[in-house]
Visitor: 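Sharing a structure below in structure tokens format, with a few things to ask.
Treat the numbers as computed from the prediction; the structure is a model and nothing was measured. Here is how names work: the chains are called A, B, and so on, in the same order as the sequence lines, proteins then strands, and each is numbered from 1.
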2 protein chains.
Amino acid sequence: MRSVVRDKEATKGKLLEAGLDEFAEYGIAGARVDRIAAKAGCNKAMIYAYFGSKEGLFEELLKIQIDRMIQSVPITPDDLPGYAGRLFDSYQEQPQILRLAAYHRLENGFDVVPEAEAEAYRHKVEAVAKAQMEGKLTAAFDALELLDLVVHMSILAFSTPNATRALVEKAVRRLIAE
Amino acid sequence: MRSVVRDKEATKGKLLEAGLDEFAEYGIAGARVDRIAAKAGCNKAMIYAYFGSKEGLFEELLKIQIDRMIQSVPITPDDLPGYAGRLFDSYQEQPQILRLAAYHRLENGFDVVPEAEAEAYRHKVEAVAKAQMEGKLTAAFDALELLDLVVHMSILAFSTPNATRALVEKAVRRLIAE
DNA sequence: TAGAAGCAACTAACTAGTTGGTTGACACGC
DNA sequence: GCGTGTCAACCAACTAGTTAGTTGCTTCTA
């Protein structure tokens, strides 16, 4: 039987969960390893044993969250308003991811994008381009431009507290109108 | 004649300038008062004499930068694409403001908006509403929604390195198309 | 019983903020 | 033109608390 008291994966999971809360709330520089350890209910030495450093924990955390987001919101090139709306909803449900990504971008710029994310993005651009070639989608924008615009619209809540899913969908509908 | 060596306003100015660089690069939690003082070429006690605290310096700094931005980019309700484009250009010229604002929003939420900014925003909403009533602007969105969308579009560079002024203008043109 | 999991206690470095005293500019009387 | 009292501007050095990261030892499980 699997140990419940001493379980490496369970401990890592608890640290990742506690780190998510902490980093989302305070950012990378503002996060405190002692608070993370306390929230996870284990010693902070575990952070260094399993993730090497505070930044190591953050990177792994971000990667997992981005993967989860990519998995849970697949692109629908022939329904970009719906895609933007679903992204918007995901961010509303888990605002931590948006905050994590924002802090990461502010501290690292665009250069340090996890390869998994870049790869997924390339696939999405291709999907958009395909839909454009098939005439299902406006050719008014390059595929990359269009995807950038749609993704940007989905984070409208970053700019205003008045953002709603309906507004995001409506805006994207107008962006791609023929 | 005014002293050049001991000049309160000049020292405050140097601290504000040094703080702008520091806070834009490292955020509020990541900024170091010793570095700010060193960059400004004066003692860090001056920060506490003139601004009360690290946060005090940040708040004053942000207010000044926002005022400057509001002054330098007036809204043109009958040319929203141009307005978004000019905002975009301003952010490109002074990326620090966007970073400052982003850090501030991440650490304080939407609640703590400087009154000057809120007031200027209300004026802009009214200007948009007026243009809508005069039939110069689409009535497809509420005035507030529309302004939120346009302002959000202008920070496209926050989402993608591929952002250009032309793209921002084009997107806004489509948003407000009849 | 070997080895992995876990932690209390520690360290060395750093950090925001303070303090007591110094320095330069200038007004004023002579 | 010159001493001089005053005060704002300024700073080196300090404090008290915090921080990321480490280590040597204990505990649990297969």
Side-chain angles (χ1 to χ4, degrees), chain A residues 1-62 64 100 103-104 106-108 112, chain B residues 1-62 64 100 103-104 106-108 112:
Chain A
M1 187 201 144
R2 192 70 179 260
S3 160
V4 208
V5 185
R6 297 202 158 196
D7 184 330
K8 183 173 177 174
E9 292 310 314
T11 301
K12 285 179 78 169
K14 273 192 261 176
L15 283 171
L16 286 167
E17 198 181 342
L20 176 61
D21 290 346
E22 178 74 10
F23 285 117
E25 184 162 359
Y26 300 104
I28 306 174
R32 296 291 168 252
V33 288
D34 288 279
R35 274 200 300 252
I36 294 172
K39 248 181 261 183
C42 66
N43 194 275
K44 72 174 165 163
M46 297 295 94
I47 292 171
Y48 298 92
Y50 295 142
F51 304 101
S53 67
K54 181 182 163 179
E55 274 72 23
L57 173 59
F58 178 85
E59 296 293 337
E60 187 138 343
L61 191 52
L62 181 65
I64 290 170
L100 241 51
Y103 274 118
H104 184 256
L106 282 170
E107 304 200 9
N108 298 286
V112 191
Chain B
M1 186 199 146
R2 194 66 181 260
S3 161
V4 208
V5 183
R6 295 199 160 196
D7 185 330
K8 183 173 174 173
E9 291 310 314
T11 301
K12 283 179 79 169
K14 274 192 261 176
L15 283 170
L16 286 167
E17 199 182 340
L20 176 61
D21 290 347
E22 178 75 10
F23 284 118
E25 184 163 358
Y26 300 105
I28 306 175
R32 295 291 169 251
V33 289
D34 290 278
R35 275 201 298 254
I36 294 172
K39 250 181 259 183
C42 66
N43 193 276
K44 74 174 164 165
M46 296 295 94
I47 292 171
Y48 298 93
Y50 296 142
F51 304 101
S53 67
K54 181 183 165 180
E55 275 73 23
L57 173 59
F58 178 85
E59 295 293 337
E60 189 139 340
L61 192 52
L62 181 64
I64 290 170
L100 241 51
Y103 274 119
H104 184 255
L106 281 170
E107 303 198 11
N108 298 285
V112 190

Visitor: Distance check needed: D:dC10 P versus B:Glu9 CD, whole Å only.
Guide: 10 Å

Visitor: For A:Thr11 and A:Cys42, work out which heavy atoms get closest and say how close.
Guide: CG2-SG, 4.1 Å

Visitor: Students often mix this up, so state it plainly: with edges at 30° and 60°, are the rings of B:Phe58 and B:His104 parallel, tilted or perpendicular?
Guide: parallel

Visitor: Using side-chain heavy atoms (C-beta onward) and a distance below 4.5 Å, is A:Val33 in contact with A:Tyr48?
Guide: yes

Visitor: Which nucleotide wins on minimum distance to the side chain of A:Lys54, given the candidates D:dA9, C:dT19, D:dG21?
Guide: D:dG21

Visitor: Give a yes/no answer on whether the side chain of A:Ser53 brings an N or O atom under 4.0 Å of OP1 or OP2 in D:dA20.
Guide: no

Visitor: Check the distance between C:dG6's P and A:Leu15's CG and give it to me in whole angstrom.
Guide: 9 Å

Visitor: Considering only residues two or more places apart or on different chains, which pairs with a residue in residues 49-60 of chain B satisfy salt bridge (charged side-chain N to carboxylate O under 4.0 Å, His left out)?
Guide: none

Visitor: Report yes if a donor N or O on one partner sits less than 3.5 Å from an acceptor N or O on the other, where the partners are the side chain of A:Lys44 and the base of D:dG21; otherwise report no.
Guide: yes

Visitor: Answer yes or no: is there a side-chain heavy-atom contact under 4.5 Å between A:Leu20 and A:Ile64?
Guide: no

Visitor: Using only heavy-atom distances, decide whether a donor-acceptor pair under 3.5 angstrom links the side-chain of B:Asp7 to the base of D:dA9.
Guide: no

Visitor: Does B:Tyr48 put a side-chain nitrogen or oxygen below 4.0 Å from OP1 or OP2 of C:dT19?
Guide: no

Visitor: Have a look at B:Tyr50 and say if it touches a base, only the backbone sugar-phosphate, or nothing, with a 4.0 Å heavy-atom cut-off.
Guide: sugar-phosphate

Visitor: Do the non-hydrogen side-chain atoms of A:Ile36 and A:Phe23 ever get within less than 4.5 Å of each other?
Guide: yes

Visitor: Could you state the CD1-P distance from A:Ile47 to C:dA5, rounded to the nearest angstrom?
Guide: 17 Å

Visitor: Can you tell which of D:dC11, D:dC10, C:dG6 lies closest to the side chain of B:Asn43?
Guide: D:dC11

Visitor: Just to be sure I understand the geometry, which residues of residues 22-39 of chain A put a non-hydrogen atom under 4.0 Å away from DNA chain C?
Guide: none

Visitor: Rounded to whole Å, please give me the gap between CE in B:Met46 and P in D:dA8.
Guide: 13 Å

Visitor: Kindly state each residue pair satisfying salt bridge (charged side-chain N to carboxylate O under 4.0 Å, His left out) with at least one member in residues 28-46 of chain B, sequence neighbours excluded.
Guide: B:Glu22-B:Arg35, B:Glu22-B:Lys39, B:Asp34-B:Lys44

